[in-house]
Number of protein chains: 2
Amino acid sequence: MKSRKLYNRISVLRKERNISRKELAESIGVNIQTVGYLEREEYNPSLDLAFKINEYFGLPIELIFSPEPLKPLSEEIIELKNKIGGEK
Amino acid sequence: MKSRKLYNRISVLRKERNISRKELAESIGVNIQTVGYLEREEYNPSLDLAFKINEYFGLPIELIFSPEPLKPLSEEIIELKNKIGGEK
DNA sequence: ATAAAATGTTGCATATATACAACAAACCAT
DNA sequence: ATGGTTTGTTGTATATATGCAACATTTTAT
């Protein structure tokens, strides 16, 4: 199926929480290099691994992974604020 | 990583919408047998394929796939109704 | 009742994800 | 400045997802 490259926010989320790759890798039960590959977006996680990552961070899959390049979280926040402001 | 078996609602969603496997397979760009394997839960989709499926149905990934066995949608509705009713 | 379409299943080939080991480079601490 | 942790990277091996072909079984329409 020639699968698309997917984008993710793993490294950002990891840094926000001050977690090392080693910690994350052990928590989700994969090799540390696997986390490296994922952060560099050199390959896509399996769906199961994506679920483990979203369980670990407590966030929906769509917030962590996307077929479209991901904006910085800071930008998303501004856009959401504008959207809410505009509705009033 | 010995990945977990995941559960999904593909066949239910497909029937709700009266779509054949062939139609679904062509729409998401995979082989018809691949849809069969997924519906029988003989293997998990890649994350990319999961995204294509959720784009096709217009539903979040978590509503279609889950690491836990999925209840019938009808039951979920009852539970949601109870939850809303109880909040009043 | 028959044919056509849809589904189930299997086998083999290929692509992709993951494990694991090794090592270099960058980054903190003291 | 030295050493320890973290990160980046690469190579090889294995597991898993997907493609594709073939055929049996079930369902649907006429």
Side-chain angles (χ1 to χ4, degrees), chain A residues 1-57 59 61-70 72-73, chain B residues 1-57 59 61-70 72-73:
Chain A
M1 182 200 50
K2 182 88 190 76
S3 90
R4 295 173 293 183
K5 174 208 173 97
L6 300 180
Y7 302 86
N8 72 72
R9 289 185 166 125
I10 299 175
S11 66
V12 178
L13 294 172
R14 191 167 60 72
K15 274 175 194 143
E16 275 190 341
R17 289 154 207 232
N18 269 314
I19 299 159
S20 73
R21 277 194 188 163
K22 189 151 171 284
E23 271 180 276
L24 176 57
E26 283 168 4
S27 305
I28 60 182
V30 295
N31 197 274
I32 185 174
Q33 279 87 345
T34 298
V35 175
Y37 278 108
L38 295 178
E39 291 195 354
R40 276 175 267 128
E41 293 168 341
E42 286 186 30
Y43 56 52
N44 302 333
S46 64
L47 181 55
D48 182 33
L49 183 48
F51 268 114
K52 284 185 185 148
I53 294 170
N54 95 313
E55 284 160 11
Y56 180 81
F57 286 117
L59 297 170
I61 288 191
E62 283 90 347
L63 191 62
I64 307 182
F65 300 96
S66 167
E68 309 297 332
L70 287 158
L73 286 168
Chain B
M1 184 199 50
K2 183 84 189 80
S3 87
R4 294 173 293 184
K5 174 207 172 95
L6 300 180
Y7 302 87
N8 72 71
R9 288 184 167 124
I10 298 174
S11 66
V12 179
L13 294 171
R14 190 167 60 72
K15 273 176 195 146
E16 274 192 341
R17 289 154 206 233
N18 268 314
I19 299 159
S20 73
R21 277 195 187 161
K22 188 150 172 285
E23 272 180 274
L24 176 57
E26 283 166 4
S27 305
I28 60 182
V30 295
N31 197 274
I32 186 174
Q33 280 85 346
T34 298
V35 175
Y37 277 110
L38 295 179
E39 291 194 354
R40 278 174 266 129
E41 294 168 340
E42 286 185 28
Y43 57 53
N44 301 332
S46 65
L47 182 54
D48 183 32
L49 183 49
F51 269 114
K52 284 184 186 149
I53 294 170
N54 95 314
E55 285 160 11
Y56 179 81
F57 286 117
L59 297 171
I61 288 192
E62 283 90 347
L63 190 62
I64 307 182
F65 301 96
S66 166
E68 309 297 332
L70 287 158
L73 285 167

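Letters A, B, ... mirror the listed sequences (proteins, then strands); counts begin at 1. These numbers come from a predicted model, not from an experiment.
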Quiz item: Given atom CZ of A:Arg4 and atom C1' of D:dT18, what is their separation to the nearest angstrom?
Solution: 15 Å

Quiz item: Among the nucleotides C:dT18, D:dT7, C:dT7, which one has an atom lying closest to any side-chain atom of A:Thr34?
Solution: C:dT18

Exercise. Measure from the side-chain N and O atoms of B:Asn54 to the backbone N and O of B:Ile64, and report whether any donor-acceptor pair falls under 3.5 Å.
Key: no

Practice problem: Check whether any side-chain nitrogen or oxygen of B:Arg14 sits under 4.0 Å from OP1 or OP2 of C:dA6, and answer yes or no. | Solution: no

Quiz prompt | A:Leu6 CG to C:dT16 C1', straight-line distance once rounded to whole Å | solution = 12 Å

Quiz prompt | Side chains of A:Phe51 and B:Asn44 in contact at under 4.5 Å (non-hydrogen atoms) | solution = no

Exercise. Applying side-chain contact (heavy atoms from CB on, under 4.5 Å) between A:Ile19 and each of A:Glu16, A:Arg17, A:Lys15, report the one that passes.
Key: A:Arg17

Practice problem: Please report the C-alpha distance between B:Arg9 and B:Leu59 in whole Å, then the side-chain angles of each, then the deciding distance to 0.1 Å, and finally whether the side-chain contact (heavy atoms from CB on, under 4.5 Å) criterion is met. | Solution: CA-CA 11 Å; B:Arg9 288 184 167 124; B:Leu59 297 171; over 6 Å; no

Self-check item: Whole angstrom value for the distance that separates C1' of C:dT16 from NZ of A:Lys5
Solution: 15 Å

Self-check item: Nearest-Å distance for atom pair CG/P, residues A:Asn18 and D:dT6
Solution: 11 Å

Quiz item: What is the distance, rounded to the nearest whole Å, between atom CD1 of A:Ile10 and atom C1' of D:dT7?
Solution: 15 Å

Self-check item: Polar side-chain atom of B:Arg14 near backbone of B:Glu23 as donor-acceptor pair, under 3.5 Å
Solution: no

Exercise. Treat primed atoms plus P, OP1 and OP2 as sugar-phosphate and everything else as base, then score nucleotides 20-30 of chain C 5' to 3': B for base contact with protein heavy atoms under 4.0 Å, S for sugar-phosphate contact only, - for none.
Key: BBB--------

Quiz prompt | Interatomic distance, B:Ile32 CD1 vs C:dA6 C1' [rounded to whole Å] | solution = 7 Å

Quiz item: What parts of residues 40-56 of chain B reach DNA chain D, counting only heavy atoms under 4.0 Å away?
Solution: B:Tyr43, B:Asn44, B:Pro45, B:Ser46, B:Leu49

Exercise. Take atom NZ of B:Lys15 and atom P of C:dA6, then tell me their distance rounded to the nearest Å.
Key: 13 Å

Quiz item: Within this structure, what is the CG-to-C1' distance between A:Leu38 and D:dT7, rounded to whole angstrom?
Solution: 15 Å

Quiz item: Considering only heavy atoms from C-beta outward, does the side chain of B:Phe65 approach that of B:Leu70 to under 4.5 Å?
Solution: no

Quiz prompt | B:Ile28 and B:Phe57, any side-chain heavy atoms less than 4.5 Å apart | solution = no

Exercise. Measure the OG-CG distance between B:Ser46 and A:Leu49 for me, rounded to the nearest 0.5 Å.
Key: 12.5 Å

Exercise. State the CD-CG distance between A:Gln33 and A:Leu38, to the nearest 0.5 angstrom.
Key: 11.5 Å

